[in-house]
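First comes the structure, then the notes that go with it.
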Number of protein chains: 2
Amino acid sequence: MISFDHHSSPAPEELPSELEGLRMTKQRREVLSVILAERDHPTANDVFTRSKERMPTISLATVYNCLEALVSHKLVKQVNFERESSRYCPNLNDHCHFQDEKTGTIHDVVFKKGVKLEDFLELPQGTEVSHLELSLKGRIGY
Amino acid sequence: MISFDHHSSPAPEELPSELEGLRMTKQRREVLSVILAERDHPTANDVFTRSKERMPTISLATVYNCLEALVSHKLVKQVNFERESSRYCPNLNDHCHFQDEKTGTIHDVVFKKGVKLEDFLELPQGTEVSHLELSLKGRIGY
DNA sequence: GCTGAAATTGGAATTATTCTAATTCGGGAT
DNA sequence: ATCCCGAATTAGAATAATTCCAATTTCAGC
């Protein structure tokens with residue numbers, strides 16, 4: 001039984017020119033494809049470095065702009081661990097993150113099938129949760 | 001049924017000179033008492049401002065030092081919402097945080113009695129979680 | 001009351017991120 | 001195809017939170 005989330009890597013290229021109402025510019029496409037290519041939760045700076053390989057003129061500001069556009073259009077998720085720099089994740093399913101303290105590697109962790117927030121949290125009724133972030137740190141079993 | 005966590009305010013003053021193996025200096029005592037006095041999840045800067053009222057010579061660096069000492073000795077919890085500045089919380093019980101999008105107010109939210117991580121997360125067996133942070137945003141029911 | 005280690009301090013430094021203002025791009029109308 | 005205009009990109013400056021540094025100060029144990 002696999003518990004950490006694994007993905008079959010979809011082809012990163014050939015994205016439509018508009019997605020979720022977001023104009024897919026060269027740079028946004030590049031940034032998105034970097035995030036899809038290596039699903040290792042890169043930081044903005046990682047994305048910048050990788051993007052420059054294929055698009056040497058891209059700027060860090062643009063990478064930040066693109067990331068913000070992709071996140072707000074829900075094509076990518078932003079991942080935070082305490083005050084570390086934000087990381088980016090293409091897994092759009094409901095999930096959270098586990099950071100291996102040994103290696104720093106971040107793994108996606110899925111919620112058990114059918115679990116609802118009210119099942120494990122004492123939330124006042126009527127509370128509407130618009131955003132949830134659950135971050136774990138620890139050591140992986142062997 | 002109360003769902004958000006409420007506290008009876010314990011007396012902030014007269015803390016011992018050593019706590020959890022941490023030397024309780026004037027400044028650490030002051031910082032801790034500020035956090036205990038108003039349980040509104042202040043930022044480091046909030047703590048600095050409030051501390052200065054009674055201890056005008058305290059420096060921001062010291063506030064950061066004290067907070068780090070208190071957090072690492074588990075007398076206070078550090079609370080993060082995305083990339084906002086860290087906030088500090090004297091509630092040592094297992095709990096998480098809900099930020100009201102309307103007001104910015106942060107509420108403690110407790111886990112349902114007896115709930116374990118494995119009840120709602122697909123964690124590989126043998127995984128040891130040493131740190132968990134769950135942050136919610138949304139709107140409160142009326 | 002000394003002494004050494006730890007804590008405090010003010011200011012400088014760092015880091016991630018955002019802002020700014022100028023330029024470029026690209027799609028629709030002509 | 002060309003013009004136009006709003007949006008996107010860019011380089012660099014600015015900001016904000018936090019950490020670092022080096023010089024004092026404190027204080028617990030002798």
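So that the names make sense, note that chain A is the first sequence line, chain B the second, and so on, each numbered from 1.
Across B:Glu53, B:Lys52, B:Arg50, a single residue satisfies side-chain contact (heavy atoms from CB on, under 4.5 Å) together with B:Val34, and that is B:Arg50.
Every residue two or more places apart in sequence or in another chain that forms a ring pair (Phe, Tyr, Trp, His ring centres under 6.0 Å) with A:Phe120 is listed here: B:Phe120. Residues that satisfy the side-chain hydrogen bond (donor to acceptor under 3.5 Å, both in side chains) test with B:Ser59, not counting sequence neighbours, are B:Thr62.
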*B:Asp46 and B:His41: CA distance, side-chain angles, deciding distance, side-chain hydrogen bond (donor to acceptor under 3.5 Å, both in side chains) verdict*: CA-CA 9 Å; B:Asp46 294 336; B:His41 303 90; over 6 Å; no

*Start with the C-alpha gap between B:Ser86 and B:Asn80, add the side-chain angles, then the distance that decides, and say whether side-chain hydrogen bond (donor to acceptor under 3.5 Å, both in side chains) holds.*
CA-CA 5 Å; B:Ser86 287; B:Asn80 298 292; 2.6 Å; yes

*Step by step, would you call A:Asp100 with A:His107 a side-chain hydrogen bond (donor to acceptor under 3.5 Å, both in side chains)?*
CA-CA 8 Å; A:Asp100 182 351; A:His107 300 270; 5.0 Å; no

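With a 4.5 Å cut-off on side-chain heavy atoms, B:Arg54 and B:Glu30 count as touching. B:Arg29 places none of its side-chain heavy atoms less than 4.5 Å from the side chain of B:Cys66. No side-chain heavy atom of B:Val79 sits under 4.5 Å from any side-chain heavy atom of B:Tyr88.
On the nucleic acid side, DNA chain D contacts chain B at distances under 4.0 Å to non-hydrogen atoms, with the end points of that region at D:dA17 to D:dC27.
Within the helix from C:dG1-D:dC30 to C:dT30-D:dA1, the inter-axis angle between the opening and closing five-pair segments is 30°, rounded to 10°.
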Taking only nitrogen or oxygen atoms into account, show me every contact under 3.5 Å that the protein makes with nucleotides 6-16 of chain C, one pair per line with its distance.
unit_1 : atom_1 : unit_2  : atom_2 : d
C:dA7  : OP1    : B:Arg28 : NH1    : 3.2
C:dA7  : OP1    : B:Arg28 : NH2    : 3.1
C:dT8  : OP1    : B:Thr25 : OG1    : 2.5
C:dT8  : OP1    : B:Gln27 : OE1    : 3.2
C:dT8  : O3'    : B:Gln27 : NE2    : 3.0
C:dT9  : OP1    : B:Gln27 : NE2    : 3.4
C:dT9  : OP1    : B:Thr57 : O      : 3.3
C:dT9  : OP2    : B:Ser59 : N      : 3.3
C:dT9  : OP2    : B:Thr62 : OG1    : 2.5
C:dA16 : O3'    : B:Arg83 : NH2    : 3.4

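In plain terms, the two heavy atoms of A:Lys137 and A:Phe81 that are nearest each other are CE-CD2, 3.9 Å. Considering every non-hydrogen atom in both B:Gly104 and B:Gln99, the closest pair reads O-NE2, 3.3 Å.
Computed from coordinates, the A:Met24 CE to C:dG26 C1' distance equals 16 Å when rounded to whole Å.
Taken residue by residue, residues 69-82 of chain B places no heavy atom nearer than 4.0 Å to DNA chain D.
No donor-acceptor pair closer than 3.5 Å links the side chain of A:Thr127 to the backbone N or O of A:Leu123.
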